[in-house]
Novice: 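Mind having a look at this structure? Questions to follow.
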Amino acid sequence: MQESRYNPGRIEEKWQRIWQDQEVFRSTHEDESLPKYYVLEMFPYPSGRIHMGHVRNYSIGDVVARMKRMQGYNVLHPMGWDAFGLPAENAAIKNNTHPAHWTYQNISYMRQELKRLGYSYDWSKELATCHPGYYQWEQLFFLQLYQKGLAYRKKAPVNWCPDCLTVLANEQVEAGLCWRCEAAVVKKELFQWFLRITDYAEELLQDLEKLAHGWPERVISMQKNWIGKSQGMEIEFPVNGLSSSVKVFTTRHDTLYGATFMSLAPEHELVPELIRDSPEQDRIREFIHRVSAQDQEERTAEETVKEGVFTGRYCINPATGENMPIYLANFVLLEYGTGAVMAVPAHDQRDLEFARKYNLPVRVVVRPEGHDLSPDDMTAAFSEPGTAVNSGQFSGKPTAQVQEEIADFLENKNLGRRKTNYRLRDWNISRQRFWGAPIPVIYCPQCGTVPVPREELPVLLPQEADMPLDGRSPLPELDSFVQTTCPECGGNARRETDTMDTFVESSWYFARFTAPRRKDAPFEPRAIKYWLPVDQYIGGIEHAILHLLYARFFVKALRDLGYWSLEEPFANLLTQGMVLKDGAKMSKSKGNVVDPDEMINRYGADTVRLYCLFASPPEKDLEWSDAAIEGSCRFLNRLWRLVEELGPALSPVGPCVDMNAAELSPQEKELRAAEHGALRKAGRDMLERFQFNTAIAAAMELVNALSQHKEVLTARSSGKKALSSALSTVLSIMAPITPHICEELWSRMGYKTSLARTPWPEYDSRALLQDEVLVVIQINGKLRSKMSVPADMDQEELKSLALEDAKVQKHIQGKSVTQLIVVPGKLVNIVVK
RNA sequence: GCGAGAGUGGCGGAAAUGGUAGACGCACUGGACUUAGGAUCCAGCGGUUUGUCCGUGGGGGUUCGACUCCCCCCUCUCGCACCA
């Protein structure tokens with residue numbers, strides 16, 4: 001007994017069961033005879049419950065997956081869990097449990113939530129990164145990278161988040177704050193493991209061009225900026241009285257003659273040597289101490305005043321032979337270039353301010369077009385190109401030429417060399433936290449750093465660990481974990497207790513998804529070759545640099561380890577906007593969170609999906625409106641009633657049934673044109689432009705046309721045929737968006753196969769042709785009248801008909817027609833004077 | 001400061017290649033059906049001095065014709081930011 005009222009809860013459960021029982025969404029294995037399509041959404045961190053941002057992200061992905069399936073592609077659409085991470089530890093401490101327990105509990109709850117939304121995932125491919133079956137391969141990659149010198153350990157000033165009690169990679173510090181908790185990050189000297197992403201800087205930059213068509217320009221430019229390539233020179237300035245020299249990186253070696261002093265980062269490695277004999281040592285030390293103690297936010301803030309201290313030492317300008325006092329300056333960054341800057345006050349604003357403050361000489365070496373600079377009272381540095389002056393043999397030449405000549409000059413004298421510098425730093429992957437993949441390394445007092453032998457992998461994260469209440473990792477104090485024997489000498493040794501950054505897991509999960517259960521190797525070559533790269537990747541813009549840069553790097557590094565020949569992981573990228581409520585991002589603290597579960601309970605999954613896709617195009621932010629979602633619900637109810645009302649009278653002939661145009665009534669023709677027109681628009685909008693909102697609008701228009709003409713059309717058998725076809729087309733268009741209701745109505749119309757397995761219908765452009773068309777009449781470009789004319793009317797006829805029009809007559813009275821523009825089938829523009 | 005994007009009704013948003021501005025939806029108004037309705041259906045819905053003229057942030061320009069193309073300006077959002 002079928003219900004006549006739309007009951008989303010019941011039908012959604014029903015169809016989810018059918019899809020599952022019949023394994024409708026299981027991807028066919030690598031079937032080389034079928035075109036493949038890999039659509040992937042950024043997998044979630046199992047925080048406890050899904051939020052609207054997930055729903056939006058995954059709804060977009062599901063439309064793409066379902067639509068591609070309808071188009072005959074072999075689709076891979078997997079889902080998994082980015083399951084390592086700090087919140088699990090904090091929650092475990094709070095609830096006195098183990099992070100693993102908390103995490104797996106969350107996963108099973110969130111999996112149900114996703115299933116209730118009817119997403120067409122191939123759940124047989126599900127993976128969780130905290131599972132040893134996953135992270136063991138990551139440990140293997142680490143060993144192989146270590147062997148190749150792409151993973152290394154060094155002591156370095158690193159970013160320390162005092163709240164998370166761990167270090168952060170540079171990418172994870174945003175304006176001096178921790179990306180996760182927004183605490184002010186401080187510098188700390190620690191031994192850490194790094195991945196040599198800088199080896200790939202140039203390739204990561206160059207290959208952005210390959211992504212130009214598939215990735216948003218915004219993301220590409222953000223990555224470009226982050227990599228920060230600049231071309232210049234490395235120049236050495238010998239220190240007076242010492243054997244050392246100060247090395248600088250500069251892009252303005254054309255201003256070398258104007259370098260009057262030297263600025264070093266307070267943490268520069270040469271500093272102890274420079275100040276060893278200085279009588280002012282205490283004062284200098286105090287300065288260094290004060291500056292290094294500042295957190296990054298404070299130190300790099302715009303308001304921070306430039307200040308410095310003289311070291312008492314001088315270095316020699318290799319061009320002029322003059323002495324340049326060496327200063328320490330708070331604005332010089334150790335991380336960038338060489339941590340030392342040749343100061344050219346006349347042509348660099350920072351250097352000028354510094355020079356004025358400490359009374360240092362200013363020498364103009366570039367003359368602007370048309371006027372002279374006055375070194376004694378200039379307040380703004382001149383940093384544009386010009387003509388070299390006061391520059392010895394180079395004087396009188398234009399800046400660009402001087403750049404080349406000075407470069408040659410210094411290279412010949414072995415005082416400097418051309419150099420490309422990148423802002424990108426190596427990726428610090430050590431984390432002083434528990435809930436992550438252990439770094440598979442052993443420290444032996446005899447043999448030093450020894451990698452864990454491959455056959456001893458995985459290094460398991462212990463299940464028995466008690467979480468210290470203060471958030472520190474339990475690993476360093478867990479003897480059963482730490483105490484081990486050296487694989488080389490067999491003596492007592494200690495394990496590394498840091499774990500890997502969780503961004504390492506997400507750097508290769510998309511590849512593991514192609515064969516997630518494979519036991520003897522991380523990947524299955526055939527599956528890799530068939531499925532990769534991901535054809536469409538979908539996720540938030542917040543990963544524009546972080547995850548998306550790391551994943552690109554990993555693909556290149558694993559390529560060099562011989563795993564594949566893949567160059568880039570994601571051929572196309574869609575960055576969806578945020579879900580807002582009352583103009584702000586949803587957050588517990590603002591109290592503006594809309595709970596997906598609650599919405600599904602009230603309206604059903606189809607309505608929630610529909611609203612997420614209809615309210616705005618995917619790239620833009622979506623303003624959640626409790627009122628507007630009612631409209632989506634209303635539409636589905638209207639559709640339901642329409643099928644209930646008409647269904648019994650119609651037989652399942654569509655969609656896009658063949659009809660003989662000559663035998664159709666005008667209304668039938670009109671409906672048919674509307675059907676094929678909507679299909680054309682929806683197909684184009686959904687697939688070529690990912691504009692689901694306008695595709696849905698097209699379906700709504702078709703529903704409106706159906707309702708309008710239904711009485712007249714049911715009177716004739718050809719009319720019923722047209723109605724059935726159009727209704728079937730509506731269901732086909734909506735199927736990827738609101739799959740449950742469409743399946744149900746599809747079967748109620750009498751179709752026997754699942755809509756999920758029904759091909760996307762093809763429109764017939766002949767059906768779009770109409771007998772009569774509306775032609776607008778403009779006078780001087782302004783709309784004045786309209787006329788309905790046969791579609792094939794020729795230009796001359798259109799012209800005369802337009803001129804005869806009564807409204808036109810009134811407007812052109814007493815004026816002379818100078819020109820007549822005709823766009824056949826569209827408009828006539830009458831130009832008068 | 002540099003880079004990117006965006007300014008359209010009360011609101012979310014439409015208008016491929018320049019060619020009927022405001023599709024579709026929300027809200028609102030009037031009506032119908034009703035014991036009632038926040039259900040449903042019908043009609044209306046940019047402004048206006050209402051058979052009129054004005055309207056896509058502002059000002060210029062190109063064009064028969066500009067939300068769309070060009071120049072200048074304003075505002076907002078995002079990213080980067082002492083990068084040597």
Side-chain angles (χ1 to χ4, degrees), chain A residues 174-175 216-226 228-230 232 248-253 255 259 263 265 299-306 329-333 335-344 347-351 353-354 383 421-423 541-542 544-545 577-578 610-611 614-617 619-632 634-635 637-638 641 681 684-685 688-689 691 693-704 707 774-786 807 810 818-823 825-832:
Chain A
E174 293 168 354
E217 205 182 305
R218 196 151 71 111
V219 176
I220 290 177
S221 86
M222 281 165 79
Q223 293 214 353
K224 263 187 200 158
N225 287 340
W226 186 260
K229 179 178 183 175
S230 60
V248 305
F249 172 76
T250 179
T251 54
R252 289 302 307 273
H253 40 278
T255 61
S263 307
R299 181 155 163 193
T300 57
E302 209 162 353
E303 317 77 77
T304 306
V305 205
K306 293 178 189 14
N330 64 343
F331 65 88
V332 180
L333 307 170
E335 306 84 73
Y336 187 79
T338 61
V341 181
M342 67 174 210
V344 186
H347 306 292
D348 183 287
Q349 190 59 31
R350 294 157 300 178
D351 295 342
E353 286 170 34
F354 198 86
S383 51
N421 191 61
Y422 300 90
R423 202 182 81 116
I541 187 81
E542 65 272 18
I545 293 171
M578 289 189 295
L610 178 59
Y611 178 70
F614 181 59
S616 85
E619 254 120 356
K620 287 182 68 170
D621 288 347
L622 182 154
E623 172 69 32
W624 187 273
S625 155
D626 291 326
I629 191 175
E630 298 275 354
S632 296
R634 216 173 291 161
F635 170 69
N637 271 296
R638 277 184 68 200
R641 285 196 307 271
K681 177 161 176 57
R684 197 169 49 200
D685 288 355
E688 286 169 32
R689 311 201 299 158
Q691 286 228 29
N693 55 334
T694 51
I696 294 163
M700 287 173 167
E701 278 184 90
L702 183 50
V703 168
N704 290 346
S707 326
L774 192 68
V775 170
V776 304
I777 308 173
Q778 299 180 333
I779 293 170
N780 290 342
K782 283 184 181 158
L783 179 71
R784 293 303 180 194
S785 188
K786 301 175 187 183
K807 284 181 196 157
K810 207 184 109 191
T818 57
Q819 207 180 343
L820 275 170
I821 314 272
V822 179
V823 182
K826 281 230 156 132
L827 67 76
V828 178
N829 188 13
I830 304 166
V831 187
V832 296

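All chains are named by letter (A, B, ...) in the order of the sequence lines, taking the proteins before the strands, and each is independently numbered beginning at 1. All of these numbers come straight from a predicted model, not from anything done at the bench.
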Novice: Okay, side chain of N780(A), backbone of V832(A): is any donor-acceptor separation there less than 3.5 Å?
Specialist: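 Judged by distance alone, yes, a pair lies under 3.5 Å.
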Novice: Search all heavy atoms of M342(A) against all heavy atoms of V248(A) and return the closest pair with its distance.
Specialist: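 So the minimum-distance heavy-atom pair works out to N-CG1, 3.8 Å.
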Novice: Return the value, rounded to whole Å, for the distance between atom CG of N637(A) and atom C1' of C41(B).
Specialist: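 Rounded to the whole Å, the gap is 14 Å.
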Novice: Once you round it to whole Å, what is the distance between P of G79(B) and CD1 of I220(A)?
Specialist: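 Between P of G79(B) and CD1 of I220(A): 18 Å.
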Novice: Touch check for L333(A), heavy atoms < 4.0 angstrom, all strands: base, sugar-phosphate only, or nothing?
Specialist: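 The residue L333(A) makes base contact.
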Novice: Quickly work out the D685(A) CG to A16(B) C1' distance and round it to whole Å.
Specialist: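 Checked: the CG to C1' distance equals 10 Å.
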Novice: What does the list of N/O pairs under 3.5 Å between the protein and nucleotides 47-58 of chain B look like, with a distance for each?
Specialist:
residue: U52(B); atom: OP1; partner: K810(A); partner atom: NZ; Å: 3.1

Novice: Without decimals, in angstroms, what is the distance between L820(A) CG and G65(B) P?
Specialist: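 Spelled out: CG on L820(A) to P on G65(B) is 14 Å.
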Novice: Return the nearest nucleotide to the side chain of Q819(A); candidates are C64(B), C82(B), C83(B).
Specialist: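 Minimum distance to the Q819(A) side chain belongs to C64(B).
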Novice: Between V341(A) and V823(A), name the one whose nearest nucleotide on RNA chain B is closer to the 5' end.
Specialist: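 Nearest nucleotide further toward 5': that of V823(A).
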Novice: Which atom pair, heavy atoms only, marks the closest approach of V332(A) to S263(A)?
Specialist: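 Closest approach of V332(A) to S263(A), heavy atoms only: CG2-CB, 3.7 Å.
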Novice: Give the C-alpha distance, both sets of side-chain angles, the deciding distance and a yes or no for side chain to side chain contact (heavy atoms under 4.5 Å, CB included) between I821(A) and Q778(A).
Specialist: CA-CA 9 Å; I821(A) 314 272; Q778(A) 299 180 333; over 6 Å; no
Novice: Round to the nearest Å and state the distance from D351(A) atom CG to C83(B) atom P.
Specialist: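 Rounded to whole Å, this separation is 10 Å.
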Novice: R638(A) vs V703(A), test: side chain to side chain contact (heavy atoms under 4.5 Å, CB included). Steps then yes/no.
Specialist: CA-CA 9 Å; R638(A) 277 184 68 200; V703(A) 168; 4.2 Å; yes
Novice: Using a cut-off of under 3.5 Å, enumerate the N/O to N/O pairs linking the protein to nucleotides 8-11 of chain B.
Specialist:
none

Novice: The side chain of N829(A) is closest to which nucleotide in this list: A84(B), C64(B), G13(B)?
Specialist: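 Nearest listed nucleotide: C64(B).
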Novice: Taking all non-hydrogen atoms of both residues, which atom of F614(A) and which atom of A697(A) are closest, and how far apart?
Specialist: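 Shortest heavy-atom separation between F614(A) and A697(A) comes out as CE1-N, 4.2 Å.
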Novice: For T338(A), give me all partners under side-chain hydrogen bond (donor to acceptor under 3.5 Å, both in side chains), at least two apart in sequence or on another chain.
Specialist: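 Testing T338(A) for side-chain hydrogen bond (donor to acceptor under 3.5 Å, both in side chains), a comparison that skips the adjacent residues, returns none.
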Novice: Which atom pair, heavy atoms only, marks the closest approach of R689(A) to D685(A)?
Specialist: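 That would be NH2-OD1, 3.2 Å.
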Novice: E335(A): what forms a side chain to side chain contact (heavy atoms under 4.5 Å, CB included) with it, not counting sequence neighbours?
Specialist: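 Once residues adjacent in sequence are excluded, the partners of E335(A) under the side chain to side chain contact (heavy atoms under 4.5 Å, CB included) criterion are K187(A), L333(A), R425(A).
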Novice: Any heavy-atom pair between the side chains of K306(A) and D351(A) that's under 4.5 Å?
Specialist: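 They are not in contact (no side-chain heavy atoms under 4.5 Å apart), so the answer is no.
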Novice: Does R218(A) have any side-chain hydrogen bond (donor to acceptor under 3.5 Å, both in side chains) partners at least two apart in sequence or in another chain, and if so, which?
Specialist: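 None.
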Novice: Using the P atom on both, measure G61(B) against U68(B) and round to a whole Å.
Specialist: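 Each nucleotide's P atom is 15 Å from the other's.
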Novice: Minimum heavy-atom separation for R252(A) to S383(A), with atom names?
Specialist: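 Of all heavy-atom pairs spanning R252(A) and S383(A), the closest is NH1-O, 3.1 Å.
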Novice: Output the rounded distance in Å from OH (Y611(A)) to C1' (G13(B)).
Specialist: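 The answer, rounded to whole Å, is 11 Å.
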Novice: Could you write nucleotides 2-7 of chain B as a row of B, S and -, 5' to 3', where a protein heavy atom under 4.0 Å of any base atom gives B, of only sugar-phosphate atoms gives S, and otherwise -?
Specialist: -SSS--
Novice: Quick one: D621(A) CG to C76(B) P, roughly how many Å, whole number?
Specialist: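 Going from CG in D621(A) over to P in C76(B) covers 18 Å.
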Novice: Collect all protein-nucleotide pairs involving nucleotides 20-22 of chain B in which both atoms are nitrogen or oxygen and the distance is under 3.5 Å.
Specialist:
residue: U20(B); atom: O2; partner: K786(A); partner atom: NZ; Å: 3.0

Novice: Which atoms form the tightest heavy-atom contact between V775(A) and L827(A), and what is the distance?
Specialist: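 Smallest interatomic distance, heavy atoms only, reads CG1-CA, 3.7 Å.
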Novice: For A21(B) and G46(B), measure between their C1' atoms and round to the nearest Å.
Specialist: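 A21(B) and G46(B) have their C1' atoms separated by 10 Å.
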Novice: Residues two or more places apart in sequence or in another chain: which of them pass side chain to side chain contact (heavy atoms under 4.5 Å, CB included) with D621(A)?
Specialist: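 In terms of side chain to side chain contact (heavy atoms under 4.5 Å, CB included), with neighbours along the sequence ignored, D621(A) is linked to M578(A), L580(A).
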Novice: Using side-chain hydrogen bond (donor to acceptor under 3.5 Å, both in side chains) as the criterion, list what pairs up with S230(A), not counting sequence neighbours.
Specialist: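 Here the qualifying residues are Y336(A).
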Novice: Look at R423(A) and A84(B) and indicate whether a side-chain polar atom (N or O) is within less than 4.0 Å of OP1 or OP2.
Specialist: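 Indeed not, no polar side-chain atom of R423(A) lies that close.
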Novice: Taking only nitrogen or oxygen atoms into account, show me every contact under 3.5 Å that the protein makes with nucleotides 23-32 of chain B, one pair per line with its distance.
Specialist:
residue: A23(B); atom: O2'; partner: E701(A); partner atom: OE1; Å: 3.1
residue: A23(B); atom: O2'; partner: E701(A); partner atom: OE2; Å: 3.2
residue: C26(B); atom: OP1; partner: R634(A); partner atom: NH1; Å: 2.7

Novice: Reading 5' to 3' and counting Watson-Crick or G-U wobble pairs with both distances under 3.5 Å, write the dot-bracket notation for RNA chain B, | for bases paired outside the strand.
Specialist: (((((((..(((......[....))).(((((.......))))).((.....))..(((((..]....))))))))))))....
Novice: Which value, in whole Å, describes the distance between the P atoms of nucleotides G57(B) and G22(B)?
Specialist: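 The same atom, P, in both gives a distance of 16 Å.
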Novice: Using the ring-ring contact (aromatic ring centres under 6.0 Å, His included) criterion, which residues pair with F354(A)? Sequence neighbours excluded.
Specialist: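 Expected list: F261(A), Y327(A), F331(A), Y358(A).
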Novice: Describe the nucleic acid contact of P216(A) in one word from base, sugar-phosphate, nothing, applying a heavy-atom distance below 4.0 Å.
Specialist: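 Answer is nothing: P216(A) stays at 4.0 Å or more from every strand.
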Novice: Reading RNA chain B from 5' onward, which residue's closest nucleotide shows up sooner: I545(A) or V332(A)?
Specialist: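 Of the two residues, I545(A) wins.
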Novice: Distance check needed: A84(B) C1' versus R252(A) CZ, whole Å only.
Specialist: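 So the CZ-C1' distance, R252(A) to A84(B), works out to 11 Å.
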Novice: Using the purine O4'-C1'-N9-C4 or pyrimidine O4'-C1'-N1-C2 torsion, is G9(B) syn (within 90° of 0) or anti?
Specialist: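 You should classify G9(B) as syn.
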